[in-house]
There are 2 protein chains.
Amino acid sequence: MALDERKKCILKAVVDDYIATAEPVGSKALVSRYHFKVSPATIRNEMAELEELGYLEQPHTSAGRVPSDKGYRAYVDTLLPVEDITREDAERISRYLSDSLDELTSLIRRASSVLSEQTGYTSVALSPQLHRSQLQQIKMLMIEPGRALVVVVLSAGVVKDRLVRIPDLLDAQQLMQVASAIESGLAGMKLDDITLVTVAAAARQTPVPDSLLNQVLYEAYVSIKQADNLEVYMDGTHNLLSFPEFSDVNKAREHLMTLTSSGMIAGYMNEMKDQEDQGASAGESTDLSEPEPPGAASRPAYTVRIGQEILLDGLQDCSFVTTTYKMGDYVAGRIGVIGPKRMTYGKVISHISFIKQTLNEQIRSLAAGRDRTEDHEDEA
Amino acid sequence: MALDERKKCILKAVVDDYIATAEPVGSKALVSRYHFKVSPATIRNEMAELEELGYLEQPHTSAGRVPSDKGYRAYVDTLLPVEDITREDAERISRYLSDSLDELTSLIRRASSVLSEQTGYTSVALSPQLHRSQLQQIKMLMIEPGRALVVVVLSAGVVKDRLVRIPDLLDAQQLMQVASAIESGLAGMKLDDITLVTVAAAARQTPVPDSLLNQVLYEAYVSIKQADNLEVYMDGTHNLLSFPEFSDVNKAREHLMTLTSSGMIAGYMNEMKDQEDQGASAGESTDLSEPEPPGAASRPAYTVRIGQEILLDGLQDCSFVTTTYKMGDYVAGRIGVIGPKRMTYGKVISHISFIKQTLNEQIRSLAAGRDRTEDHEDEA
DNA sequence: AATTAGCACTCATCCCGCAAGAGTGCTAAT
DNA sequence: ATTAGCACTCTTGCGGGATGAGTGCTAATT
């Protein structure tokens, strides 16, 4: 059932044209715009066959053709024009990302903002998940009687803090004792393995009356657990209003609503997080011939979800291109772009790939900067 | 040039009707819907006069009338139907706001979210400006060699922190020395009065080599200054897509763009911040008779900007209802609602007023909770 | 003097129909 | 296998009543 060379060419041309114009593309326009050496009639026959096979659809009789989800899929998997971002862009972006004040979250946030800016679509990023990283430090700082700041430092170098209420009678020294007891008891443990019980056990021998201790321990525990809170950064949400597919305000509103009910997206992305991306081509199956087109094989992995493949209600007219970023050796989070199915996949993927790469480098160099505080020249 | 009673009645009816329906309102509809005891012809004459006077306008010759900015102004200033939020709403909201974990910013953020949710418009809030509050504590916590967390506590009870790079050679004890030197030197000073020079002076006698000291001092200074950073919280931006006035996608997009280029709104609100709101009626002038309608006088102050009165490009079809909140005795920030000119002013104002009041109470009780750590029963 | 009934007039809006145009599918010729 | 030709379909755009809501004006009424 593989497509012959000419069909591929035509499919590619149709998708390209539709991406560019957002209008159904007809046989005549195709030959004139893409210099085919055959007549419109031939193209028509081919297109009819492509429609038969499910790669194209007609909005109505006597309109041009529009790619189906399957058509986009094939396009993305095997026909994708390889694009590269310009040297200047690459440098500007990596410079912008590299002065992110040592803050992992600010790095991710910026990456997201870069993506939406560069692609013109909506970008989404998941904060890194840290449940597999270890507790390194926990400090408690008395702000005033009854209030304290809990600072949690994780092995990943991530610092989170949180204001809490504590018993008024607890003094600064006791607070410090509790904190250092917890720290020495739990340092090196994975976040996953820390429970209220382990926290309590660690602080058992501190000379602080139980009546005061309990609340503090609870807050410490919550603070540690909260260090792993999943967050979503989104940028350029209103970009999608520029596209004709959302010229209907109600549709647009619905999309925005779905997007900004961030819990949904977070959950969805988080579910995909663990499944590693499949190299240069994406997850879903197609029945086109060559699984490894030349040139694209060297790109970092990414995932493309098209139309119905997205299991989130309200985003079925969209495509969702994502990739993961790592911390150390495990997948930490996911970052991606949401746009109309008629997306400039080539451009988006090149940017996503670049971001993935840069992000991984930056994270690695942040970590390295923490272990050995010298050598900063490991920029790619 | 004062309007007689009947004209006022008619104006009010027109505005009410237009707010409800978003469609030009005609004489016939008016008499039937609002039980006037006169005939449509009389209403027509009156409306013609109201148009002459500038309170109404006609979109085209044979359509009904629509309020002009001046019409809305008069409506807001003297005709506003007094609305009160329900007891349940009031309780739910104040309960929601009161468990804001002691965090001022989270309080403001929640207030903003409540506003947009309750009114169905877009809400905007400015973070409190703290430049007039005093530095109370500054701590520096070594995270690892070369990295520290600077924690700044202000008299307002606000805690801000920031990750910074410090010289690798500086050890934890030196860092603490520097911090406590700065703290004892500057505690009690207003943020406004703290400069790099005063910071340096405070830390002069610490036994830390200058070569290491400078960077730390600078970071401390920046952290202190950043405690006063102006932030904007916005909620329900996409609500405005529900209104027919934004059914044109381009207009909608433009509005969203203006709104989300948060710098503009922040600046604008910040400029208005210092001018205190004028009691129950608003800033701009009108020539209606009674300046103090009964019932509305008891409301907290607020400001209404209508249409052209808003000096921000792109929001000229909107109205902007804001109020201020205080910390101690000075105006700390501003919070408000942006919606179509055809806004349910009564409802919005009642909510804004309630929020203002609740916010002030909460802030006061936060402060009180810090001074005397007892008594929590000062809820209104 | 204020109110109202009556009437002519003005426009937006809706709907219908028609022509134009783009695109297709099919068939027959190359 | 390709292509030219042609009939057919269906959307889109446009003009033209018809509709109807609403106005302004005038003259009659209270």
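Throughout, a chain's letter reflects where its sequence line sits, starting with A, and its residues are numbered from 1.
Residue Arg44(A) places none of its side-chain N or O atoms closer than 4.0 Å to OP1 or OP2 of dA22(C). Between dT4(C) and Thr42(B), a contact under 4.0 Å exists linking OP1 or OP2 to a side-chain N or O. The shortest distance between the side-chain N/O atoms of Ser39(A) and the OP1/OP2 oxygens of dT2(D) is not below 4.0 Å. In terms of phosphate contacts, Arg6(A) brings a side-chain nitrogen or oxygen within less than 4.0 Å of OP1 or OP2 of dT2(D).
Here the P atom of nucleotide dG22(D) and the CZ atom of Arg65(B) are 11 Å apart, to the nearest Å.
Comment: Glu46(A) engages Lys7(A) in a salt bridge, judged by a side-chain N to carboxylate O separation of less than 4.0 angstrom.
When each of Pro40(B) and Ser62(B) is assigned the nucleotide of DNA chain C bearing its nearest heavy atom, the one mapping closer to the 5' terminus is Pro40(B).
In this structure, the nucleotide among dT23(D), dG22(D), dT24(C) sitting nearest to the side chain of Lys28(B) is dG22(D). For Met47(B), taking side-chain heavy atoms from C-beta onward, the closest of the listed nucleotides dT23(D), dC11(C), dG25(C) is dT23(D). Between dT23(D), dT24(C), dT11(D), one nucleotide has an atom nearer to the side chain of Ser27(B) than all others, and that is dT23(D).
When the shell of 6.0 Å around NZ of Lys28(A) is examined, it contains 12 or fewer heavy atoms from other residues, nucleotides or ligands. Annotation: Glu254(A), atom CD; neighbour count of heavy atoms from other residues, nucleotides and ligands within 6.0 Å does not exceed 12.
You'll find the side chain of Ile85(B) reaches within 4.5 Å of the side chain of His351(B), heavy atoms only.
A donor-acceptor pair under 3.5 Å is formed between the side chain of Thr323(B) and the backbone N or O of Ala301(B).
Every residue two or more places apart in sequence or in another chain that forms a side-chain hydrogen bond (donor to acceptor under 3.5 Å, both in side chains) with Asp17(B) is listed here: Arg33(B), Tyr34(B).
Stretches of at least 3 consecutive Watson-Crick or G-U wobble pairs, with each checked distance under 3.5 Å, appear in DNA chain C as C:1-30 with D:1-30.
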